[in-house]
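The structure appears right after this line, and notes come after that.
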Amino acid sequence: MTTTFARRTAALLACAAFGFATSAYAQDKTVKIGVLNDMSSLYADIGGPNSVAAVKMAVEDSGLKAKGWTIEVLSGDHQNKPDIGVNIARQWIDADKVDAIADTPSSGVALAVSNLVKEKNAVLLNSGAATADLTGKACTPNTVSFTYDTYMLANGTGKALTKAGGDSWFFLTADYAFGHALERDTGAVVTATGGKVLGGVKHPLNTADFSSFLLQAQSSKAKIIGLANAGGDTTNAIKQAAEFGIVQGGQKLAALLLFINDVHSLGLKTAQGLTFTESFYWDLNDQTREWSKRFQKVSPKGSMPSMTVAGLYAEILHYLKAMDALGSNPHDGAKVVAKMKELPTDDPLFGKGPLRQDGRRLIPAYLFEVKKPEESKGPWDYYKLVATIAPEDAAKPLKDSDCPLVKK
């Protein structure tokens, strides 16, 4: 009799504990976000500590803390190496219970982390990596890309320069996933627009000496030398091209991915006349100016935000908006991303635009040209707008998508 009573009591206590745990889980309002990027090398100025600052701004601006949410932001340096990036992400998810990995510049890192995030059912909030494969053949229900991709860059800069008479191209390409995707996508656009690709050469990531590569580009006699690289590689190539007199010799450099931090580093005298595509510029309108000046005050280097930093801010806002709509953290990445796709996106930097089933956010892109020194009215006044690219032209059409999630 006593044994039966004890068993019943234990069972009741277990049920009560389970019910309490379930209730506590249902009301879980804690979120952990890990900012994973290059903190110390060629992409550090593009994102790095600035990305962490933008994420913290988004957390504050979301208003969730006032609603009882606890949101923690971690940061890590993947050193542009996929194995290091995956190890950090795995540690964060398994040991630190991180819900979302954010930023991930370096497409090789992003593709590897995207696979891990799917396996662990977490979330990848990509703003830094450019490869269109993240929302194409490598898409998953757990990954979204908010800011730009190689398709956008190719259809902005590549198409515009080819149409303007730059109908022969030679590529200087960073030898990893991003560079390969950018050369592939731009080459396809050049050919489709009536131009020819005369050749190309691949260089190692973070190259100090571009001499041999630039000589090959120069000897190709191509009208356009397409720089399918980014960050320090782009600025080094542009500086050394000036030393070789490439532009003075009649060839034009196409910086297929250029950031405002790169222009700041180069200076207007060297960067003037460069044509490129971005989805954000701090001086676009009143809202971008207001936010960017706020950001500059918290930026570790007092800089204006790059396109990827601005995109990360908007992406985190939307992620937290989805969490708020769910009422608590389900710790189910696919469920959170599904809610992100369901909710309309609207933020002060990019405005409204759907988050598609492939994980790509639709936003306009802009073709810019770097101002001449005498055209600039002050610090960070570097761009002049050449053309606006409609959102539906800036992203690969869903009818052409090879993303397994897309229902045609």
Side-chain angles (χ1 to χ4, degrees), residues 37-38 41-48 50-51 80 103-110 126-134 145-161 169-190 200 202-203 205-207 210 213 224-239 241 252-266 271 273-281 305-312 363 365-370 382-383 386 389 394-395:
N37 64 21
D38 179 351
S41 187
L42 77 165
Y43 299 148
D45 283 347
I46 295 165
N50 273 352
S51 291
N80 299 306
D103 201 10
T104 59
S106 185
S107 294
V109 175
N126 171 54
S127 182
T131 178
D133 291 344
L134 281 168
S145 289
F146 244 57
T147 315
Y148 76 122
D149 61 18
T150 50
Y151 182 93
M152 182 195 93
L153 301 172
N155 281 272
T157 313
K159 186 179 289 185
L161 291 178
W169 286 64
F170 185 95
F171 289 97
L172 259 67
T173 302
D175 193 10
Y176 76 108
F178 153 67
H180 300 170
L182 186 51
E183 179 181 342
R184 175 198 68 202
D185 292 349
T186 307
V189 167
V190 168
K202 291 180 172 58
H203 66 79
L205 188 67
N206 208 9
T207 300
F210 278 87
F213 310 119
I224 306 290
I225 299 172
L227 303 178
N229 49 26
D233 281 338
T234 302
T235 54
N236 280 336
I238 292 169
K239 287 174 185 174
K252 185 176 179 65
L253 294 178
L256 295 171
L257 180 55
L258 193 71
F259 295 93
I260 193 163
N261 316 78
D262 300 328
V263 176
H264 189 71
S265 171
L266 286 166
L274 286 170
T275 305
F276 56 98
T277 304
E278 290 205 58
S279 60
F280 176 84
Y281 176 46
S306 69
M307 164 177 65
T308 60
V309 164
L312 187 58
I363 52 176
Y366 308 94
L367 188 67
F368 291 111
E369 183 179 303
V370 177
Y382 297 152
Y383 296 179
V386 176
I389 303 162

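Predicted, not measured: the structure shown is a model, and the values here were computed from it.
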If I compare all heavy atoms of N37 with all of G47, which pair ends up nearest, and what's the gap? ND2-C, 4.1 Å

For T275, enumerate each residue passing the side-chain hydrogen bond (donor to acceptor under 3.5 Å, both in side chains) test, keeping only those at least two apart in sequence or located in another chain. none

When you compare the side chain of L205 with that of Y176, does any pair of heavy atoms fall below 4.5 Å? yes

Residues two or more places apart in sequence or in another chain: which of them pass side-chain contact (heavy atoms from CB on, under 4.5 Å) with K202? T173, D175, H180, E183

With a 4.5 Å limit on heavy-atom distance, are the side chains of I363 and F146 in contact? no

Taking every non-hydrogen atom, the tightest pair across L182 and N229: CD2-N, 4.5 Å

Does the side chain of T186 reach to within under 4.5 Å of the side chain of V190, using non-hydrogen atoms? yes

All ring-ring contact (aromatic ring centres under 6.0 Å, His included) counterparts of Y43, not counting sequence neighbours: none

List the residues meeting salt bridge (charged side-chain N to carboxylate O under 4.0 Å, His left out) with D38, not counting sequence neighbours, and say none if there are none. none

State, with a plain yes or no, whether a side-chain heavy atom of L134 is found less than 4.5 Å away from one of D149. no

Closest approach of A130 to S107 (non-hydrogen atoms, all atoms of both residues): N-OG, 3.4 Å

With sequence neighbours excluded, tell me which residues meet ring-ring contact (aromatic ring centres under 6.0 Å, His included) with Y383. F276, Y281, F368

Could you tell me which residues satisfy salt bridge (charged side-chain N to carboxylate O under 4.0 Å, His left out) with D133, sequence neighbours excluded, listed by chain and number? R184

Residues which pass side-chain contact (heavy atoms from CB on, under 4.5 Å) with N155, listed by chain and number, not counting sequence neighbours: Y151, K159, V189

Under the rule for side-chain hydrogen bond (donor to acceptor under 3.5 Å, both in side chains), what residues qualify as partners of T150, not counting sequence neighbours? D185

Before you tell me yes or no, could you show the steps for N206 and S41 under side chain to side chain contact (heavy atoms under 4.5 Å, CB included), namely the whole-Å CA-CA distance, both residues' side-chain angles and the distance that decides it to 0.1 Å? CA-CA 8 Å; N206 208 9; S41 187; 3.3 Å; yes

Let's go through L256 and T157 carefully: what are the C-alpha distance in whole Å and the side-chain angles of both, what is the deciding distance for side chain to side chain contact (heavy atoms under 4.5 Å, CB included) to 0.1 Å, and is it a yes or a no? CA-CA 6 Å; L256 295 171; T157 313; 4.1 Å; yes

State, with a plain yes or no, whether a side-chain heavy atom of Y148 is found less than 4.5 Å away from one of M307. yes

Can you list the residues that meet the side-chain hydrogen bond (donor to acceptor under 3.5 Å, both in side chains) rule with T207, with sequence neighbours excluded? H203

Among D45, D233, T235, the one residue meeting side chain to side chain contact (heavy atoms under 4.5 Å, CB included) with D262: T235

Partners of S127 by side-chain contact (heavy atoms from CB on, under 4.5 Å), sequence neighbours excluded? D103, T147, T308, L312, E315

Approximate separation, where rounding is to 0.5 Å, of E369 CD and L274 CG: 8.5 Å

Check: I224 and L253 side chains under 4.5 Å, non-hydrogen atoms: no

Residues N261 and S306: closest non-hydrogen pair is OD1-CB, 3.2 Å

With sequence neighbours left out, what residues match H264 under side-chain contact (heavy atoms from CB on, under 4.5 Å)? W380, Y382

Begin with the C-alpha distance, continue with both residues' side-chain angles, and end with the deciding distance and a verdict on side chain to side chain contact (heavy atoms under 4.5 Å, CB included) for F259 and I46. CA-CA 7 Å; F259 295 93; I46 295 165; 3.5 Å; yes

What's the separation between atom OG in S265 and atom CD1 in I260, rounded to the nearest 0.5 Å? 12.5 Å

Closest non-hydrogen contact found for I389 with A394 is CG2-N, 4.1 Å

Contact summary for L42 and A230, nearest pair of heavy atoms: CD1-O, 4.0 Å

Criterion side chain to side chain contact (heavy atoms under 4.5 Å, CB included) on W169 and I225, from CA distance to verdict: CA-CA 6 Å; W169 286 64; I225 299 172; over 6 Å; no

Non-hydrogen side-chain atoms of T234 and L257 separated by less than 4.5 Å: no

Taking the side chain as every heavy atom from C-beta outward, state whether F210 and N236 have any pair of such atoms under 4.5 Å apart. yes

ring-ring contact (aromatic ring centres under 6.0 Å, His included) partners of F280, counting only residues at least two apart: F350

